[in-house]
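Below is one structure, written out as structure tokens; the observations come after it.
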Amino acid sequence: MGRVPRNRPGLETYDEDSLGFGRIFTEHMLTMRYRDGAWQKAEIKPLENIVLHPAALIFHYSQQVFEGLKAFVGQNPDDILLFRPDKNIARFNRSCQRMCIPTIDPELFMEQMSALVRLDRDWIPQSPGTSLYIRPTVIATDPFVGVKTGSEYLFYIILSPVGAYYPEGFAPVKIMVTDKYVRACRGGVGEAKTGCNYAASLLAAEEAHAEGFTQVLWLNAVDKASIEEVGTSNIFFRINDRIITPPLSGTILPGVTRESVLQLACDLGYECREENITIDQVIQAAQDGSLKEVFGSGTAAVISPVSSLRYRGKDYTIADGKTGEAAHKLFERLTAMQTGREPDPYGWVVNIGK
Ligand SMILES: *Cc1c(COP(=O)(O)O)cnc(C)c1O
């Protein structure tokens, strides 16, 4: 349908229907440095490479935090809508505290992020299922070999016009349950949005991909029984009319989409609970027919229905491999709120346009 960037003669344009995810970046970036015990003035400038000393702490000891949220053009073309950005900013600062990185004033964060998105507003795609993905990141930059907390940091924000996260789009994905690898354990950094959690997950994901699976479902590191989350998403199970997601125990990423789904599922008339659920309970429910659907939730994919689970060499098909009713309704409701097509009774949607 459309092309981004809009109305910008002389710039390369991209077909909105084939954006993929995270491959294309906008013209500008925001940077802000921390030194001498304080965050310095933020700067918006053309997107450029970052030059760092090869000893920079980030390269050796992974002191890093990131966030991910989306901007949409609203019903009025002047509207730029963000979904619960305060949640992302608060989580960013919580992750920073866990990773010994200085926090950023939430108001300043919001102001600077909004200014950057407004500047590159022509890059926000408008076809259904597309958005402008916002990636705030902070890294320790001290040139020093030796484990220590950084004293210099670089905070930056980059923007990427995106389509669907998975090549399957909103089509159901196949998930591999692993009891060989673990993602996080209590007392670790599982609830912080830091790159090292992903580094730790790559081997399991590679092995799952090699066998035709899109993602890995993680189990509790200690008992290998209770369910935690999927690669980049939180997870929900519908057993008859009850929707269950594991509680935030310190090892699970507290998803903004997860929290929103818990509310919206109640509004849609489902009984909704944060409750411990084991893989054995899920398999049992799959076998007796009470497992109606399974879906992941996250900013990137919004809602991703799961068509089958493999556990200990056996495959369990869910909802005949089709998208379930709750996943479908929740996807519709969330995306309609995010794009301003339906009213937002909660004040979640923030308009930074004009
Ligand atoms: C970001 C993330 C999620 C989803 O969080 P949202 O705020 O809904 O995008 C879930 N799990 C992990 C591991 C994540 O990094």
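All values below were derived from every heavy atom in this structure, side-chain atoms included, with hydrogens, water molecules and symmetry-related copies excluded. Counting starts at 1 for both ligands and their atoms, following the listed order. These numbers come from a predicted model, not from an experiment.
Cluster membership for Y34 and L108, using ILVMFWY side-chain heavy atoms within less than 4.5 angstrom, is shared. One hydrophobic cluster holds both L82 and I157 under the rule that ILVMFWY side chains link at heavy-atom gaps under 4.5 Å.
Here F92 and F155 bring their ring centres to under 6.0 angstrom of each other.
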Give me the pairs of N or O atoms, one from ligand 1 and one from the protein, that sit under 3.5 Å apart.
unit_1   : atom_1 : unit_2 : atom_2 : d
ligand 1 : 7 (O)  : R91    : NH1    : 2.8
ligand 1 : 7 (O)  : R91    : NH2    : 3.1
ligand 1 : 7 (O)  : V256   : N      : 2.7
ligand 1 : 8 (O)  : V256   : N      : 3.3
ligand 1 : 8 (O)  : T257   : N      : 2.9
ligand 1 : 8 (O)  : T257   : OG1    : 2.6
ligand 1 : 9 (O)  : T299   : N      : 2.9
ligand 1 : 9 (O)  : T299   : OG1    : 2.6
ligand 1 : 11 (N) : E229   : OE1    : 2.6
ligand 1 : 15 (O) : K193   : NZ     : 2.6
ligand 1 : 15 (O) : Y198   : OH     : 2.6

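For S290 (side chain) and I239 (main-chain N/O), no donor-acceptor pair under 3.5 Å exists by modelled atom type.
Residues satisfying the side chain to side chain donor-acceptor pair (under 3.5 Å) criterion with N93, sequence neighbours excluded, are absent altogether.
For D315, the CG atom is densely surrounded, since the number of other residues' heavy atoms within 6.0 Å is greater than 12.
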